[in-house]
There are 2 protein chains.
Amino acid sequence: MTKNPTGASAVLRDGPRFESVEAALSVAIHEHRLTPGTKLGEDEIGEIFGVSRTIVRAALQSLSHSQLVDMRRNRGAFVAQPSLTEAREVFEARELLEPRMARSAAAFAKPADVARLRRHINDEHAALDAADPGRALRLSGMFHIEIARIADQATIAGFIETLIARSSLIIALYWRRQSALCESFAHHALVEAIATGDGPRAEDLMRSHLVDLHSALDLRDRTTAPRSLRDALRR
Amino acid sequence: MTKNPTGASAVLRDGPRFESVEAALSVAIHEHRLTPGTKLGEDEIGEIFGVSRTIVRAALQSLSHSQLVDMRRNRGAFVAQPSLTEAREVFEARELLEPRMARSAAAFAKPADVARLRRHINDEHAALDAADPGRALRLSGMFHIEIARIADQATIAGFIETLIARSSLIIALYWRRQSALCESFAHHALVEAIATGDGPRAEDLMRSHLVDLHSALDLRDRTTAPRSLRDALRR
DNA sequence: ACCGGTCGGATTGTATACAATATTGTGTCC
DNA sequence: GGACACAATATTGTATACAATCCGACCGGT
């Protein structure tokens, strides 16, 4: 098992450190190829990547700390399933942090930064054209993280990174079909505001962008998700 | 080594899960008994707590994710040493998040919550009277976290928890002696504002409390705080 | 047939063994 | 005497072995 059977782990480049496995799992979750609730068996993952459970375990623990994965003692690791409450909290946090970051980004952005943002948007479009909505979603998340990075706030950027990750899970769980315009316009406008150094406008655009996103989710407290069998079966 | 030599690990109650080791190390760091830069050898820690390196490793990894510990490949784990830049970022983030949390806490606080906050302050005073400033500092941090919890924002409370942790390291590195009144008054006023449901006042008090704290640090860009031996010993 | 308990397989939790790497000490050459 | 090369040691990185726990199937009783 220690050998690397037929390129099963082509993703792993130099050293099979646990970060590689973590990144691969993280990307799969962000792209909705691993959906909330999926069991992540240690042996299985280890076999896929050609590493021992030691490595897999470290990767899962790290993902668990980012709340992408839920580890239950003696039960195993599962892709996390944020509750409605958590979903609302995540978006409240984003609405608190990200507009401020957008404003700072507009103040600090250098030409190279703007270019990078534009490239992100291009990649997003390309992914949509290639009928790869998972990849588009992941890139869209990276766009938001990039803005926090440009604002020169690595600490907050880290927070936003975990919020984006959980947002991906929330979208997987609570997205409502009908709204499909999917933000590429919003991102474009945001870049323009940042490019021209218009901080207040960038802040507003980010805020309304997040509100749009938030309202494209179905976070009503529907008592689906039956709280008790008695309630669920009383007909 | 698997046996438990002479109660060295009295801290560990039921199962020697890695969380116990993590908590013990975390408390020691918060109380400044482990200072920034200290090497955290895996064997040594394992021997102290009577667990194997597997457990220690998991604990260190978790602490590393909280940025209390810096793990360098093939080098080992060290208590983190936040740079001046990181220090400034941490306080900017706190000044963005915590006043908002204080306002929400004032809106949501139930009598039991207020009682818990008062108890925290009492414990803080007791620790100071007992000439245990480390414990007082740790309790002071828990006070801030508790406010975010009362605001019913578990996600943001988690962020603040890591910010508090890093603040503790920052205080260890950059605290300037002269300012010593050490916040107990500020906390008291804050609790009163929260108890009376005065959100705006709580927000203001928190903001100025953080500004006070921030300005009690010496975050000037002096090249002191010897980042490297080269700098430290060039005379 | 249904309910309960018990046994077996599978999976996770932990410890240990081995390999890889960095650091320190020593010796030799200039 | 000092600088470099090399060997010894210590520490971390990874894999594997073993123990503990859980889940499901089987089976006997009612």
Could you give the CG-to-C1' distance, from A:L60 to C:dT12, as a whole number of Å?
11 Å
Establish, with yes or no, whether the OP1 or OP2 oxygen of D:dC23 is under 4.0 angstrom from a side-chain nitrogen or oxygen of A:K39.
no
Between atom CZ in A:F49 and atom P in D:dA15, what is the gap in whole Å?
14 Å
Without decimals, in angstroms, what is the distance between B:I45 CD1 and C:dA15 C1'?
17 Å
What is the distance, rounded to the nearest whole Å, between atom CD of A:E42 and atom C1' of D:dA15?
14 Å
Could you list, one pair per line, each protein nitrogen or oxygen that sits under 3.5 Å from a nitrogen or oxygen of nucleotides 17-23 of chain C, together with the distance?
residue : atom : partner : partner atom : Å
C:dA22  : O3'  : B:R75   : NE           : 3.4
C:dT23  : OP1  : B:R75   : NE           : 2.8

To the nearest Å, how far apart are A:F78 CZ and D:dC22 P?
13 Å
Taking CZ from B:R17 and P from C:dA15, how many angstroms apart are they, rounded to a whole number?
13 Å
Results of salt bridge (Lys or Arg N to Asp or Glu O under 4.0 Å) for B:D123 - residues two or more places apart only:
none
Measure from the side chain of B:S52, starting at C-beta and using heavy atoms only, and say which of D:dT12, C:dT14, D:dA15 lies closest.
C:dT14
Can you list everything that forms a side-chain hydrogen bond (donor to acceptor under 3.5 Å, both in side chains) with A:R138? Sequence neighbours excluded, please.
A:E31
Excluding sequence neighbours, so at least two apart, what forms side-chain hydrogen bond (donor to acceptor under 3.5 Å, both in side chains) with B:S64?
none
Any residue meeting ring pair (Phe, Tyr, Trp, His ring centres under 6.0 Å) with B:F143, in chain and number order, not counting sequence neighbours
B:H187
Which residue lies toward the 5' end of DNA chain D, B:G41 or B:T54, if each is placed at its nearest nucleotide?
B:G41
side-chain hydrogen bond (donor to acceptor under 3.5 Å, both in side chains) involving B:H120 - partner list, sequence neighbours excluded
none
Step through the shown structure and confirm whether more than 12 heavy atoms of other residues, nucleotides or ligands are within 6.0 Å of CZ on A:R72.
yes
If I take atom CZ in residue A:R72 and atom C1' in nucleotide D:dC22, what distance separates them, rounded to the nearest angstrom?
13 Å
